[in-house]
Amino acid sequence: AALSRRYVLCEVVSEDPRCRQCIEDRAVGLAVRDAIGRVHGDYGLACCSISFTVKYLNAYTGTVLLRCRKDSYRLLCSALPFVRQLESRSQRHPCFLNTLHVGGTIRTCQKFLIQYNRRQLLMLLQNCTNEEERRCVQKSLLSCSLTEEQSQSGDEEDDGTE
């Protein structure tokens, strides 16, 4: 039987524009593990570490998808507000992780992210000051969809490897 998992979709929020460029799987994973250890101690860290991984990362948008076991996702989520920085090339970048969605599959997180991005773009559209900006945002809005090939990617559930 497949292990029950949860996928936690977050965004990296920072005032420092360089922070996004420094985001890498390893840095996010270490920062999250460090926060879990500080908040929940060794026991909490051990519980969360089983099957924990950074499943997806988009440094351009600051989107992060974390995977953990279903029985430890509350421990993980309660520690995320304590992530205060990401470290890269021995430089510390202050930031925090904003939890957007918790889902049972990668696909539900993808669907949520599309809706979320669409709402963000609609807010941008309302704030456009000229026609050129408006056209760019409308074009982005139209591209917010799951294509058929993405839904067939085979990463709907986890492949079972640890």
Side-chain angles (χ1 to χ4, degrees), residues 1-121 123 144-147 149-162:
L3 274 174
S4 234
R5 299 214 164 89
R6 284 293 171 263
Y7 295 89
V8 182
L9 184 65
C10 306
E11 67 178 341
V12 177
V13 181
S14 173
E15 289 178 15
D16 180 5
R18 292 168 304 172
C19 183
R20 287 243 170 111
Q21 289 140 22
C22 82
I23 302 174
E24 46 194 39
D25 299 34
R26 206 177 137 276
V28 173
L30 286 171
V32 171
R33 281 188 177 91
D34 177 62
I36 295 167
R38 279 183 286 129
V39 176
H40 298 296
D42 292 343
Y43 175 76
L45 185 58
C47 289
C48 288
S49 290
I50 304 165
S51 176
F52 171 78
T53 187
V54 177
K55 201 68 182 146
Y56 169 79
L57 174 73
N58 184 329
Y60 181 68
T61 60
T63 306
V64 178
L65 186 66
L66 307 172
R67 184 195 75 192
C68 66
R69 283 191 2 200
K70 182 180 178 181
D71 57 9
S72 62
Y73 86 92
R74 283 186 186 90
L75 285 173
L76 171 68
C77 289
S78 65
L80 290 178
F82 295 91
V83 172
R84 294 276 177 249
Q85 64 187 16
L86 291 176
E87 207 166 319
S88 174
R89 299 179 199 94
S90 53
Q91 275 196 305
R92 292 189 174 131
H93 301 277
C95 64
F96 68 92
L97 294 178
N98 180 24
T99 303
L100 299 174
H101 183 74
V102 178
T105 64
I106 291 175
R107 180 124 174 105
T108 58
C109 290
Q110 279 179 325
K111 285 179 178 176
F112 173 85
L113 190 57
I114 288 165
Q115 292 306 316
Y116 177 77
N117 286 340
R118 202 172 266 159
R119 284 193 302 272
Q120 298 295 96
L121 285 165
M123 287 192 308
C144 276
S145 66
L146 275 180
T147 61
E149 76 179 315
Q150 279 175 305
S151 64
Q152 304 296 315
S153 70
D155 205 3
E156 163 62 19
E157 278 301 324
D158 204 67
D159 54 16
T161 56
E162 289 302 312

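Being a predicted model, the structure only gives us computed values, none of them experimental.
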Side chain proximity check, P94 to E15, heavy atoms < 4.5 angstrom: no
Separation of K111 NZ from H101 NE2 (nearest 0.5 Å): 10.5 Å
L45 vs H40, side chain to side chain contact (heavy atoms under 4.5 Å, CB included): CA-CA, chis, key distance, verdict: CA-CA 7 Å; L45 185 58; H40 298 296; over 6 Å; no
Note, F52 side chain near R67 side chain (heavy atom, < 4.5 Å): no
Heavy-atom side-chain contact between C10 and L66 under 4.5 Å: yes
From CZ (R74) to CZ (R6), nearest 0.5 Å: 9.0 Å
Nearest atoms (heavy-atom pairs only) where L86 meets A31: CD2-CB, 3.7 Å
Between CG on residue L75 and SG on residue C68, distance to nearest 0.5 Å: 9.0 Å
Any S72 side-chain heavy atom under 4.5 Å of C48 side chain: yes
Donor-acceptor contact present, side-chain R84 to main-chain P81, <3.5 Å: yes
pair N58-T61: side-chain heavy atoms closer than 4.5 Å: yes
Sub-4.5 Å side-chain heavy-atom contact between L9 and L113: yes
Donor-acceptor side-chain pairing of S4 and R69 below 3.5 angstrom: no
Heavy atoms of other groups near R38 CZ, more than 12 under 6.0 Å: yes
Audit row: V32, L76, side chain to side chain contact (heavy atoms under 4.5 Å, CB included) steps and yes/no: CA-CA 8 Å; V32 171; L76 171 68; 3.5 Å; yes
Atom of F112, atom of L100 and distance for their closest heavy-atom approach: CZ-O, 3.4 Å
Check: T108 main-chain N/O paired with T105 side-chain donor or acceptor under 3.5 Å: yes
Residue pair Y56 / V64, side-chain heavy-atom distance below 4.5 Å: no
Exercise: identify the closest heavy-atom pair between G103 and C109: N-SG, 4.0 Å
From E87 atom CD to D34 atom CG, the distance as rounded to the nearest 0.5 Å: 9.5 Å
Side chain to side chain contact (heavy atoms under 4.5 Å, CB included) between Y116 and E11, worked out: CA-CA 11 Å; Y116 177 77; E11 67 178 341; 3.1 Å; yes
Reported OH-to-CD1 distance for the pair Y7 and I106, which is rounded to 0.5 angstrom: 4.5 Å
G62 versus I23, closest heavy-atom pair with distance: CA-CD1, 4.3 Å
Option among V12, V83, V13 that satisfies the side-chain contact (heavy atoms from CB on, under 4.5 Å) test with F96: V13
Trace of the side chain to side chain contact (heavy atoms under 4.5 Å, CB included) decision for S51 with R5: CA-CA 8 Å; S51 176; R5 299 214 164 89; 2.9 Å; yes
Contact check, side chains of L80 and I36, non-hydrogen atoms, under 4.5 Å: no
